[in-house]
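Each ligand, and each atom within it, is numbered from 1 in the order the structure gives.
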Amino acid sequence: MTRVALAFSGGLDTTVCVPILEEEYGYDEVVGVTVDVGQPESEFEEAEETAEALGLEHYVVDAKAEFAELCFTGVKANATYQGYPLGTALARPVIAEAILEVAEEQNCDAIAHGCTGKGNDQLRFETVWRGSDLEVIAPVRELGLTREWEIEYAAEKDLPVEAGDGGVWSIDTNIWSRAVEGGELENPDYVPPEDIYEWTAEPEGETTIEVAFEAGVPVAVDGEEMAPVELIQYLNEYAGQYGVGRTDVMEDRMLGLKVRENYEHPAATVLLTAHGALEDLVLTKGERSSKKSIEQEWSEKAYQGLVFAPVVDALEAFIDETQTAVTGTATVKVSGGSCRVVARDSEYAVYSEEMASFNTEDVAGIAQEDATGVAKYHGLQERLANEIHAGVEKPELAADGGADATDSDDTVAETADDYLHEN
Ligand code: ARG
């Protein structure tokens, strides 16, 4: 008896994978696993109904708490990739782990997903699974399936897929973000219609929101303490009413493809803005600038689905070291779809009003005139260099601009489309 666990959503791709795993790959039994990272209720209903209609052994695993914890690690890292707070990317390793656990418990020999060969998710899932002894299967990629073929196959096999399954857009939702792509959005010059948005209202109105942090972790909103999942869900709804947290990204995927993606992430925007603002108050200049490059590294790895990498542990050790002082509050104003800090407060502020004020005299035994020596030295090397350079003649550049840099090459592609079709 051979068994294969399948990452199952009940959508077209994963539904056609069920008979294919039996018929093409020869497995006796398919086990569907749906992982809850905060998708809307309707997605679970669809998964349950489809599983039932298929007679599929089906498990639903709630991983929202683990996922929220990773989102908050993302907050400590001020993590974004090309402007997007990494919702899909952070969810994938959590989902992959949860499915692997079920696969092992259920004595499966293999583990499968319905991702295409074009996206990031195949890489994010498989890097987790390939660390196990299970065989990894990617039917859509391996058999080169297209949407049209799947629709025809589903009709032939009388599979329980709804007509126009999934609607016009491809949507990926979890508590951290809602990603929308496909259809007309594939044209980067197409302005998204309001109806792609579900979490964010057309930006209008304004309010202020105060977030409290303890060691970098959000713990309360407007004075009300909340558990991580609840806090994120609350802010998605509350800040979403003010149209906060929409991004329209030309995203460079891991395989090199550039793809247009639209995101909604009200809670992530509020929490990242507030967290960054509190850090600005409590971290030293050196910590802030060193942390920037650490954050960049963390975000890249997270985008690649490699949050379990040893280097990520090392980066997090640095991040956590800086977070001990990130306790206090930051208040953001959400207005007209924007989110900006308007106040911050912490007992760990590396800030002295007395020192910074224009109205006070000497502090810490330092008088204004003590800066005179510093002012004399400041830029000394640059002033000296300019003086020396003024006396040196610059070498002439060759007039023809170097070896045959002519414009006679008419095979040069003018657009990406020309390139595709010429090569
Ligand atoms: N491009 C995003 C990522 O790789 C999201 C992919 C899923 N998006 C979707 N609308 N199905 O992280």
Point to revise | Test side chain to side chain donor-acceptor pair (under 3.5 Å) applied to K258 - qualifying residues, sequence neighbours left out | key: D252
Review point. Does ligand 1 have an atom that lies less than 4.0 angstrom from a heavy atom of R92?
Key: no
Practice item. Within a distance under 4.0 Å of any heavy atom of A179, pick out the atoms of ligand 1 and give their elements. Key: 8 (N), 10 (N)
Review point. Hey, are R253 and E181 close enough for a salt bridge, meaning a charged N less than 4.0 Å from a carboxylate O?
Key: yes
Check your understanding: Polar-atom distance check: R253 versus ligand 1, any N or O pair below 3.5 Å?
Key -> no
Review point. Considering only heavy atoms, does R124 approach ligand 1 within less than 4.0 Å through its side chain, its backbone, both, or neither?
Key: side chain
**Study point:** E261 and ligand 1 - part of the residue with a heavy-atom distance under 4.0 Å
**Key:** side chain
Check your understanding: Is it true that atom CD of E104 has more than 12 heavy atoms of other residues, nucleotides or ligands lying nearer than 6.0 Å?
Key -> yes
Revision key, fill the gap. The option among W169, Y303, Y263, Y84 carrying the non-hydrogen atom nearest to atom 12 (O) of ligand 1 is Y84
Review point. Do the rings of Y84 and Y263 sit parallel, tilted or perpendicular, given the 30° and 60° boundaries?
Key: parallel
Exercise for review: Carefully, step by step, assess D248 and R260 under the rule salt bridge (Lys or Arg N to Asp or Glu O under 4.0 Å).
Suggested key: CA-CA 7 Å; D248 184 333; R260 198 258 192 104; 2.9 Å; yes
**Study point:** For N120, the ligand 1 atoms whose distance to one of its heavy atoms is below 4.0 Å
**Key:** 3 (C), 4 (O)
Can you give me every donor-acceptor pair (side chain of residues 33-42, partner residue at least two apart or in another chain, under 3.5 Å) with its distance?
from: T34; atom 1: OG1; to: F8; atom 2: O; distance (Å): 2.6
from: T34; atom 1: OG1; to: H58; atom 2: NE2; distance (Å): 2.7
from: D36; atom 1: OD1; to: G38; atom 2: N; distance (Å): 2.8
from: D36; atom 1: OD2; to: K64; atom 2: NZ; distance (Å): 2.9
from: Q39; atom 1: OE1; to: V37; atom 2: N; distance (Å): 2.9
from: Q39; atom 1: NE2; to: V35; atom 2: O; distance (Å): 2.8

Study note, to complete from the structure: Ranked by distance from atom 1 (N) of ligand 1, the top protein heavy atom is E251 OE2, 2.6 Å
Review point. So, R246 and E194, do they make that salt bridge, N to O below 4.0 Å?
Key: yes
**Study point:** Protein contact to atom 11 (N) of ligand 1 [nearest heavy atom, distance to 0.1 Å]
**Key:** S170 OG, 2.9 Å
